[in-house]
Amino acid sequence: MAIANVKVTLNKDIKTVWDIVTSLDNYAWRSDLSKIEVLEAGKKFIEYTKEGFATTFTITMFESMKRYEFDMDNNNMCGHWTGLFSKIGNKTEIYFTENITPKKWIMKPLVGIYLKKQQAVYISDLRKALDQKQ
């Protein structure tokens, strides 16, 4: 099992950040995705990487502008993601935690490094998306 945390303060209001992070329709800002397929609105979706690799997500908590959680599953891993959102003046603090268990023993030593890299790409993409919002 590997756990990765990232805490960042963003220079945008909480509604804007929340809307971007939780949208299953507007995902073009994500440099790692080719598409999102919604299986059950508000409950289950599949993200496809640019290489076509699919991960299924099941939403377990959706507390508007406060908390977003889901379980993740694909051929290589399973786990849980938690996103906490806090309003700090007209800025937003996000605190994301990923808890992943690899399904293949060979991936165990690499999963922590992979998670940190994925979080860095996600935060970079999110910052760019927010910079484009006026």
Side-chain angles (χ1 to χ4, degrees):
M1 177 187 326
I3 297 173
N5 300 298
V6 63
K7 185 177 186 178
V8 176
T9 300
L10 302 164
N11 292 319
K12 287 290 181 191
D13 65 279
I14 196 165
K15 182 175 182 344
T16 300
V17 175
W18 177 263
D19 288 348
I20 289 174
V21 170
T22 61
S23 175
L24 299 179
D25 299 318
N26 176 20
Y27 56 85
W29 61 273
R30 299 269 311 271
S31 65
D32 58 335
L33 295 185
S34 63
K35 72 176 182 174
I36 292 177
E37 177 185 355
V38 177
L39 301 178
E40 291 180 66
K43 293 183 181 181
K44 198 172 210 172
F45 60 97
I46 301 173
E47 287 185 351
Y48 295 88
T49 65
K50 300 268 184 192
E51 297 77 29
F53 193 77
T55 302
T56 302
F57 297 82
T58 304
I59 298 169
T60 58
M61 181 168 287
F62 191 93
E63 188 178 343
S64 186
M65 293 186 276
K66 291 184 182 174
R67 188 178 193 106
Y68 185 39
E69 295 188 35
F70 45 74
D71 292 329
M72 305 172 280
D73 188 61
N74 65 31
N75 291 336
N76 295 324
M77 63 84 190
C78 61
H80 190 79
W81 184 92
T82 301
L84 303 176
F85 299 73
S86 302
K87 181 179 176 179
I88 312 288
N90 23 339
K91 296 180 180 183
T92 303
E93 182 179 86
I94 56 173
Y95 184 66
F96 295 165
T97 301
E98 278 185 271
N99 187 332
I100 300 295
T101 302
K103 292 182 177 178
K104 299 173 183 174
W105 67 269
I106 197 157
M107 298 179 73
K108 287 183 181 184
L110 306 173
V111 73
I113 295 165
Y114 172 79
L115 282 179
K116 285 293 186 189
K117 180 181 175 255
Q118 286 296 106
Q119 284 184 334
V121 168
Y122 186 91
I123 296 300
S124 175
D125 287 350
L126 179 56
R127 285 185 189 279
K128 289 176 192 167
L130 290 169
D131 286 347
Q132 293 174 0
K133 291 273 186 192
Q134 297 301 333

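What you are looking at is a predicted structure, and each value in this text was computed from that prediction instead of being measured.
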Heavy atoms of Tyr95 and Lys7 approach each other most closely as CD1-CB, 3.5 Å
About how many Å separate CZ of Phe62 and OG1 of Thr22, when rounded to the nearest 0.5 Å?
-> 4.5 Å
Within a radius of less than 6.0 Å around NZ of Lys103, do more than 12 heavy atoms belonging to other residues, nucleotides or ligands occur?
-> yes
Met72 vs Ile100 side-chain heavy atoms within contact, under 4.5 Å = yes
For Ile106, which fellow cluster members are found when Ile, Leu, Val, Met, Phe, Trp and Tyr are connected by side-chain heavy-atom distances below 4.5 angstrom, either directly or through intermediates?
-> Trp105, Met107
Residue pairs passing the salt bridge (Lys or Arg N to Asp or Glu O under 4.0 Å) test with at least one member in residues 14-31, sequence neighbours excluded, are Lys15-Asp19, Arg30-Asp32, Arg30-Glu47
Nearest atoms (heavy-atom pairs only) where Ile20 meets Leu130 | CD1-CD2, 3.5 Å
Show me, pair by pair, the donor-acceptor contacts under 3.5 angstrom made by side chains of residues 75-90, not counting sequence neighbours?
residue: Asn76; atom: OD1; partner: Lys104; partner atom: NZ; Å: 3.0
residue: His80; atom: ND1; partner: Phe70; partner atom: O; Å: 3.2
residue: His80; atom: ND1; partner: Asp71; partner atom: OD1; Å: 2.6
residue: His80; atom: NE2; partner: Glu69; partner atom: OE1; Å: 2.6

Sequence neighbours left out, what passes salt bridge (charged side-chain N to carboxylate O under 4.0 Å, His left out) with Lys35? Give chain and number order.
-> none
Out of curiosity, Thr16 OG1 to Asn11 CG, how far, rounded to the nearest 0.5 Å?
-> 12.0 Å
Ala54 meets the side chain to side chain contact (heavy atoms under 4.5 Å, CB included) criterion, sequence neighbours left out, with Ile46, Tyr48
With a 4.5 Å heavy-atom cut-off, do Val8 and Arg127 have their side chains touching?
-> yes
Can you give the donor-acceptor pairs under 3.5 Å from side chains of residues 114-124 to other protein atoms, not counting sequence neighbours?
residue: Lys116; atom: NZ; partner: Asn5; partner atom: O; Å: 3.1
residue: Gln119; atom: NE2; partner: Ala4; partner atom: O; Å: 3.2

So which heavy atom on Ile59 is nearest to which on Tyr68, and how close?
-> CD1-OH, 3.8 Å
Between the CD1 atom in Ile3 and the CD atom in Glu98, the distance rounded to the nearest 0.5 Å is 11.0 Å
